[in-house]
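What follows is one structure encoded as structure tokens, with my remarks underneath.
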Number of protein chains: 2
Amino acid sequence: MVVKSGSKSKSVEAQEPLFVPNANDASSATQDERLYNEILDAILDHRLSPGIKLKEDELADIFSVSRTVVRRALLRLCHDRIVDIQPNRGATIIQPDVSKAREILRARRLIERELVKEAMQFATPSALDNLRVCVEGERDQVRKHHVGSGLRLSGDFHVQLAQLSQNTTLIGYLKELVPQTSLIIAMYQTPHHTLCSHQEHFDLIDVIQSGDVEAAQSMMEQHLDNIEAKLDLGNERTAGDLYAAFAHVK
Amino acid sequence: MVVKSGSKSKSVEAQEPLFVPNANDASSATQDERLYNEILDAILDHRLSPGIKLKEDELADIFSVSRTVVRRALLRLCHDRIVDIQPNRGATIIQPDVSKAREILRARRLIERELVKEAMQFATPSALDNLRVCVEGERDQVRKHHVGSGLRLSGDFHVQLAQLSQNTTLIGYLKELVPQTSLIIAMYQTPHHTLCSHQEHFDLIDVIQSGDVEAAQSMMEQHLDNIEAKLDLGNERTAGDLYAAFAHVK
DNA sequence: GTACTATGCATTGTATACATTTCTTGCGCT
DNA sequence: AGCGCAAGAAATGTATACAATGCATAGTAC
């Protein structure tokens with residue numbers, strides 16, 4: 001049962017996917033994979049914000065599939081802790097509170113510290129050059145003021161670096177943590193600030209190439225610390241908080 | 001469409017759940033939660049082994065639900081990396097190879113080392129007494145030669161300890177790793193050997209109570225090392241490997 | 001006798017119809 | 001005017017029908 005069509009679908013479908021994130025999972029041949037990636041991309045690009053309700057009928061209409069497919073995609077996003085599904089009340093994009101945000105970044109430090117170490121065992125010069133190309137793309141998007149795309153590629157750098165390690169378990173966890181981080185940035189970013197600096201990414205690649213494991217691990221940890229430091233985790237935010245939105249009114 | 005009924009369903013439904021594992025997720029009110037937990041329990045009890053095909057019709061018949069519900073449960077298990085879903089070919093329980101097994105145990109060392117530290121901030125004497133009760137139940141099951149139940153409670157100890165930390169991110173990862181470990185044990189266990197010694201669990205609780213964080217972390221790591229050491233990770237196993245099964249024949 | 005192919009069966013993928021629950025809104029009561 | 005309640009609308013949960021895919025077996029050609 002088609003609710004509304006036309007107007008909304010264009011803006012989503014016209015978007016050209018700059019990068020296909022993770023085609024790792026099973027069922028890549030099925031339709032829900034596409035939906036899953038589309039929604040994930042929209043989150044990484046900050047086209048979808050924390051707290052947004054994802055109605056099954058609307059998504060089914062936009063992507064011209066049945067609710068069955070939509071539900072599969074939403075369930076996967078739920079397991080990634082990117083959307084929250086409440087029984088009989090549907091799916092909404094998560095809104096991490098401050099302590100949750102800190103927890104997620106702490107988990108990233110733990111996991112990426114290990115991943116850097118394991119990745120360095122497989123970091124050939126050509127693999128590192130590929131990484132550099134990835135960061136260059138990120139830098140160019142930011143220069144072109146495509147902030148959303150830049151942010152997505154920034155997350156991509158972390159995943160691609162991780163993938164050198166071939167540790168699919170930890171890579172899987174990181175693939176959940178990166179979109180979560182993107183939502184945290186959306187909620188707690190301070191204005192006019194490039195958050196995940198590409199220069200730090202370049203530096204990180206150089207240190208990895210030097211072969212100093214300890215230094216690389218420290219730099220990764222420092223890099224994630226910097227991301228956290230640039231956020232305003234001092235006071236709570238809520239997407240639907242009208243009081244915060246209209247705080248300037250006396 | 002009901003394929004076969006009666007004979008098989010009894011053995012599963014008669015099983016009294018000794019413990020309800022994780023009611024953490026959303027959609028706990030829906031039916032697929034029950035299926036998910038039943039299958040998970042069966043895996044933790046070693047009533048379901050690596051490589052087993054999970055046919056949708058059969059499960060739907062056994063639990064008297066539609067395939068819709070079964071598919072939801074299977075998808076969740078797939079995301080937990082406990083079953084493997086291939087498009088158009090259905091779901092089978094994973095068969096971790098040796099390197100995957102080592103990877104999973106390495107991930108556990110990393111994550112549980114951190115979880116112990118964070119849990120110790122909340123480890124009140126009464127919380128630790130609850131843990132002791134849990135281990136006692138484990139010990140009693142083993143004494144009664146209910147090896148499967150003992151193993152399940154053993155995994156439960158690790159999860160309950162983790163839950164003191166209140167770090168839901170890492171707890172979530174551990175909840176995936178514990179059933180995976182159970183499958184690894186099923187594949188690579190050496191005969192006549194209690195694998196996850198409850199005595200080590202008691203000792204671990206004592207060290208936690210002492211307040212020495214470093215010692216507790218080391219002991220947890222050592223405990224997981226011991227589990228790995230008791231496994232035969234020397235040579236590959238395959239559930240369907242006839243050559244291995246009939247190795248004694250000249 | 002072997003290899004290739006075609007047909008039928010088994011199983012999964014998708015769409016849709018119906019049941020159930022929740023949310024909204026308007027009415028009536030105090 | 002404010003509160004509570006009830007009926008309708010909207011959204012989700014579940015079951016089932018049909019389509020598409022994969023697998024096995026039997027048949028045929030070489």
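Just so it is clear: chains get the letters A, B, ... in the order the sequence lines come, proteins before strands, and each one is counted from 1. This one's a predicted model, so the numbers in the text were calculated from it and none came from an experiment.
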Nucleotide of dT12(C), dC23(C), dT14(D) approaching Gln31(B) most closely (side-chain heavy atoms): dT14(D)
Atom-to-atom span, NZ of Lys53(A) to C1' of dA11(D) - whole angstrom: 7 Å
Residue list, side-chain contact (heavy atoms from CB on, under 4.5 Å) with Val159(A), at least two apart or on another chain: Gln163(A), Lys175(A), Val178(A)
Listed partners of Arg109(A) passing salt bridge (Lys or Arg N to Asp or Glu O under 4.0 Å), at least two apart: Asp225(A), Glu228(A)
Ile85(B) CD1 to dT11(C) P, straight-line distance once rounded to whole Å: 16 Å
Residue Val69(B), side-chain heavy atoms: nucleotide from dT14(D), dA11(D), dT12(C) that is nearest: dT14(D)
Atom pair distance, as rounded to whole Å: CD in Glu33(B) and C1' in dG13(D): 15 Å
Whole angstrom value for the distance that separates P of dT12(C) from CD of Gln86(B): 13 Å
For nucleotides 16-19 of chain D, tabulate all protein N/O to nucleotide N/O atom pairs closer than 3.5 Å, reporting atom names and distance.
unit_1	atom_1	unit_2	atom_2	d
dT16(D)	O4	Thr68(B)	OG1	3.4

Rounded interatomic separation in angstrom, taking CG from Leu35(B) and C1' from dG13(D): 15 Å
Lys/Arg-Asp/Glu bridge criterion (N-O < 4.0 Å) met for Arg76(A), Glu33(A): yes
Whole-Å distance separating the CG atom of Asp57(B) from the C1' atom of dG13(C): 13 Å
Using the 3.5 Å cut-off, write out each protein N or O paired with an N or O of nucleotides 5-7 of chain C and the distance between them.
none

Sequence-distant partners of Thr168(B), side-chain contact (heavy atoms from CB on, under 4.5 Å), two or more places apart: Lys100(A), Glu103(A)
Ion pair Glu118(B)/Arg106(A), N-O distance below 4.0 Å: yes
Test salt bridge (Lys or Arg N to Asp or Glu O under 4.0 Å) applied to Glu176(B) - qualifying residues, sequence neighbours left out: none
Arg71(A) CZ to dA15(C) P, straight-line distance once rounded to whole Å: 14 Å
Closest nucleotide among dA11(D), dT11(C), dG13(C) to the Lys55(A) side chain: dA11(D)
Integer-rounded Å distance: dG13(D) C1' and Arg72(A) CZ: 17 Å
Results of side-chain contact (heavy atoms from CB on, under 4.5 Å) for Ser182(B) - residues two or more places apart only: Leu44(B), His46(B), Leu151(B)
Glu56(B): partners by salt bridge (Lys or Arg N to Asp or Glu O under 4.0 Å), with sequence neighbours left out: Arg67(B), Arg71(B)
Glu114(B): side-chain hydrogen bond (donor to acceptor under 3.5 Å, both in side chains) partners, not counting sequence neighbours: none
